[in-house]
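Structure record follows, encoded as structure tokens.
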Amino acid sequence: MDEKIEIDALILDVDYVNIGDKSTIRIAATGKGSDTAFFYDKSFSPYVYLIPSNRRLDAETMKRLDLRSKDTRIEISGVEEKEIKHAGRGVRVFKISTTNTRYVPMLRDSLGEFGECYEHDILFWKRYIIDKGISPMHGARITAHKEGDVFVVDKIEKADVKEDLTHLCFDIETYNPIGAPRQEKDPVIMISYSCNGNRKVLTTKKIDREFVICFESEKEMINAFSEVIRSMDVDIIAGYNSSNFDIPYLVKRAEVTGADFAIGRGREQVKMEHHGLVEAVKIPGRINVDVYNVAKFVSVVGASEKLIRANRLTLSEVYGAITGDVKKMVDRRNIWQLWDGSKDDLENLADYSLADSLALDELYKFFINLEIEVSKVSGTTLGEACVSTTGQLVEFLLMRYAYDNKEIVPNKPSDSEIRMREANPIEGAYVKTPDAGVYRNIGVFDFRGLYPSIIITYNIDPSTICNDESAEFYQSPAGTRFLKEPAGIIPSALRRLTGERLGIKKAAKKDPDNKELAARSQALKIIANSFYGYLGYARSRWYSRDCAASVTALGRAHIMQTIDAAEKAGFRVLYSDTDSIFLLLEGKSKEDALGFLKKFNSSLPESMELELEDFYVSGVFVGKRGGDSGAKKKYALLSESGRIKIRGFELVRRDWSGVARETQRKVLEAILKNGSKDEAIKIVKDVVSMLRENKVPIGDLVIRTQLRKRIDSYDGKSPELAAAKKAIEKGIRSKDDLEGSTINYVVTRSGSSVSEKAVLEEMADNYDPDYYIEHQIIPATLKILKELGVSEEELKGRGSQRRL
DNA sequence: GCCGTAGGACTACCA
DNA sequence: ACTGGTAGTCCTACGGCG
């Protein structure tokens, strides 16, 4: 008999399987009081929209069409005529359904002669959650019955579900005495994991540690690990760079050794897919979280605020940035030696392996709340959110809005269209040139979320652009007009996001320790701030040059009006970049500045507000290296609490040596905190003589620069490229190893050009003091000291004219 | 052949 | 593979000089 069930569950994953020739949605859901299970929805079919070019075409004719692609007859299971919004007006469309996803691209091609095809490239599982209105991480109420062994969905609707997910963090070690690990030959020697308080290291040697479990063979070790995942009923599997390394490696080793690595639910195999540029690992019925991807996302998107600040995104660096602790480290190249080494070495290795999993567990806990909220805000699965760019998240959110608003989703642009868009960039923000100098008493104000509030205020959306004189419209300085009514989906989506964020921030004030609220606020901010970029993104479905250009034009107009008002109020505006102004208080008080702020805000549209960022006791702007004007995007400010805020200076750039950065930091501090020119000069002179006397450790001289292209595709020479090539020639590192990576190099004495002198840190046994003095220390510090009237000669001291 | 410089390629930063 | 604005490095090419 039919067994009816109804559960409230979180949705871990949505995909589809073909049953016969019918593509059938499959949902992996986990709910209270029930095991995680697959649910099949047989009632949902793939479809596309057709905007017919011939108005006499009707649904009956469409149904009878015999569409073919080569030898295949395309199955059409339904045709429905509908009214839908397209580019701001209503159009008649056919919704053409089929039985199998493989017919969808064929439909797109063969429908070309009847009109324009839309929504043909929306993945089936995304189509499903959009149409059903479910957000996987919010959860759903599923009503289902059992057919044989499987659950079949009768009804699914959105719900708000609280449910804890079980996660497992893991890490593997491989035995690779020569170079990088080779999947076919080099065995996995250890698998460590941390799950629900269980911490273990699985390995194939006897090691005297209570957390170590020893197996006869690599095969048995992998089998046991698979069994852990199944028996713990793990929902989320987290690794560090595991999508590119650990998981593919284990898959291959299982193949080589005959082990069982079927870690999906129902013993399904892991699938590897491309997702844009990143590798996405899919584990059926579970969620793969590569914490490295997440860290990269956060460091790119949320960098400005406190979140993380690490030079490199290795596990240990990110761990250090988050916890302030130092993780137990082993040089990856020495792992095989420890494995072949003494009892102590083996114990060390096991400790290290476990430490990696535990560190990963910390990172996981730090990042996962944000990632869950990102999934909720954009309405996608957690696994998808973890491999998505902000552009993809915004796009998905807008597709949901479009569906709810009965609007057709615009198609992706063609390659030629993309090239055309890229060849026509828009004018961006305004940046005021500062006057170089040291200043006291500065007030900094900025517009929070300037671009989102402009989009909302002026109803900026591709569909609201109008040319009609009679309608009510806003006009941007770029000349584009936007209807005041009705709200476009982009402004209305943004209005909802910012409105929600306001509420969250209020709630967070009352509950400051609530991590979920903080994460949600962060997620809302990240996504809201990406809308403008998405409007101007060449691959965007909602690209609009006029909209993007209007956003920046209005941004420029608002900030210039702000500068104007501040000057009229008697302030000197030292600097301004995009959405901020720096006021010199001079004879005026903080209260005067706040008074101006209040008065000015009352003149602004309701959704825009200039806010106090902070007051600073002193600040430095420097001149440009070449000319005499001040440098933009470079300044240092000392707040009243003693904190120094530094932007753009060499010391925040990783492609400058540690000595130069550290010296610059000390000089800035001396000037901002003590106003002491002499102290600053002494700092520089001391470092210069340390360099001359060869007393500076090589590690402080390392310059890091990323090779962002393939090694062969560079036109010219550069030090980092030359250093990399030397290492490849000597066989110390491989091309694969270095491409895309950050090159750590040192400038040595041998050679004439900088490129000739540059070698990898690990190959460097000397350094060129002249280079570090002339090209690192002096340029980094002189530009600051110049503002105090210090000359180059004063800095170098005796011995600087050695060339004569 | 040496010098200085203009311009291109490139990277990493700010918002 | 969300945008544009910006500084600064190193390299190459080029013109002037002798």
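Residue numbers begin at 1 in each chain, while the letters A, B, ... track the order of the sequences.
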Return no unless some side-chain N or O of [X] is found under 4.0 Å from OP1 or OP2 of [N].
{"X": "A:K624", "N": "C:dA7", "answer": "yes"}
{"X": "A:K633", "N": "B:dC14", "answer": "no"}
{"X": "A:S718", "N": "C:dC11", "answer": "no"}

Report task. Side chain of A:Y532 only, please: which of C:dC11, C:dT3, C:dT9 is the nearest? Result ->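 My answer, after comparing the listed nucleotides, is C:dT3.
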Please state how far atom [atom1] in [X] lies from atom [atom2] in [N], giving the value in whole angstrom units.
{"X": "A:I526", "N": "C:dC2", "atom1": "CD1", "atom2": "C1'", "answer": "13 Å"}
{"X": "A:R625", "N": "C:dT6", "atom1": "CZ", "atom2": "C1'", "answer": "16 Å"}
{"X": "A:F621", "N": "C:dA7", "atom1": "CZ", "atom2": "P", "answer": "13 Å"}
{"X": "A:Y635", "N": "C:dT6", "atom1": "OH", "atom2": "C1'", "answer": "14 Å"}
{"X": "A:D577", "N": "C:dT3", "atom1": "CG", "atom2": "C1'", "answer": "13 Å"}
{"X": "A:K634", "N": "B:dA12", "atom1": "NZ", "atom2": "C1'", "answer": "10 Å"}
{"X": "A:D579", "N": "C:dG4", "atom1": "CG", "atom2": "P", "answer": "17 Å"}
{"X": "A:I703", "N": "C:dG8", "atom1": "CD1", "atom2": "P", "answer": "16 Å"}

Name the nucleic acid region contacted by [X], choosing base, sugar-phosphate or nothing; use a 4.0 angstrom heavy-atom cut-off, strictly under.
{"X": "A:K783", "value": "sugar-phosphate"}
{"X": "A:S580", "value": "nothing"}
{"X": "A:Q392", "value": "nothing"}
{"X": "A:F649", "value": "nothing"}
{"X": "A:W542", "value": "nothing"}

Query - Where at least one partner belongs to residues 711-721 of chain A, residue pairs that pass side chain to side chain donor-acceptor pair (under 3.5 Å), sequence neighbours excluded - result: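 Those involving residues 711-721 of chain A are A:D712-A:K735, A:S718-A:E720.
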Query raised in the report: Which parts of residues 422-437 of chain A get close to DNA chain C, meaning a heavy atom less than 4.0 angstrom away?
Result: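 DNA chain C contact set from residues 422-437 of chain A: A:P425, A:I426, A:E427, A:G428, A:A429, A:V431.
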Requested in this report: Indicate for each nucleotide in nucleotides 5-11 of chain B, in 5' to 3' sequence, whether protein heavy atoms under 4.0 Å reach the base (B), only the sugar-phosphate (S), or nothing (-).
Outcome: ----SSB
Query raised in the report: Counting distance only, does the side-chain N/O of A:N766 pair as donor-acceptor with the main-chain N or O of A:R749 below 3.5 Å?
Result: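 Pair found, side chain donor or acceptor close to backbone of A:R749.
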Query - With A:F571 via ring-ring contact (aromatic ring centres under 6.0 Å, His included) - residues at least two apart - result: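 So A:F571 forms a ring-ring contact (aromatic ring centres under 6.0 Å, His included) with A:F596.
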Tell me every residue that passes side chain to side chain contact (heavy atoms under 4.5 Å, CB included) with [X], counting only those two or more places apart in sequence or in another chain.
{"X": "A:V431", "result": "A:Y575, A:D577, A:K632, A:K633"}
{"X": "A:R495", "result": "A:I456"}
{"X": "A:S378", "result": "A:T380, A:L393, A:I527"}

**Report entry** Any pair counted as salt bridge (Lys or Arg N to Asp or Glu O under 4.0 Å), so long as it reaches residues 409-419 of chain A, sequence neighbours left out
**Finding:**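 Checked against salt bridge (Lys or Arg N to Asp or Glu O under 4.0 Å) - neighbours excluded - the pairs reaching residues 409-419 of chain A are A:E417-A:R421.
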Requested in this report: Could you pull out all residues at least two apart from A:D121 that satisfy salt bridge (charged side-chain N to carboxylate O under 4.0 Å, His left out)?
Outcome: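 Salt bridge (charged side-chain N to carboxylate O under 4.0 Å, His left out) check on A:D121 returns A:R541.
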Query raised in the report: Taking the side chain as C-beta and beyond, is there a heavy-atom pair between A:V444 and A:D614 under 4.5 Å?
Result: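 No. Closest side-chain heavy atoms not under 4.5 Å.
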Query - Polar contact flag, side-chain donor to acceptor under 3.5 angstrom, A:Y430-A:E427 - result: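 No.
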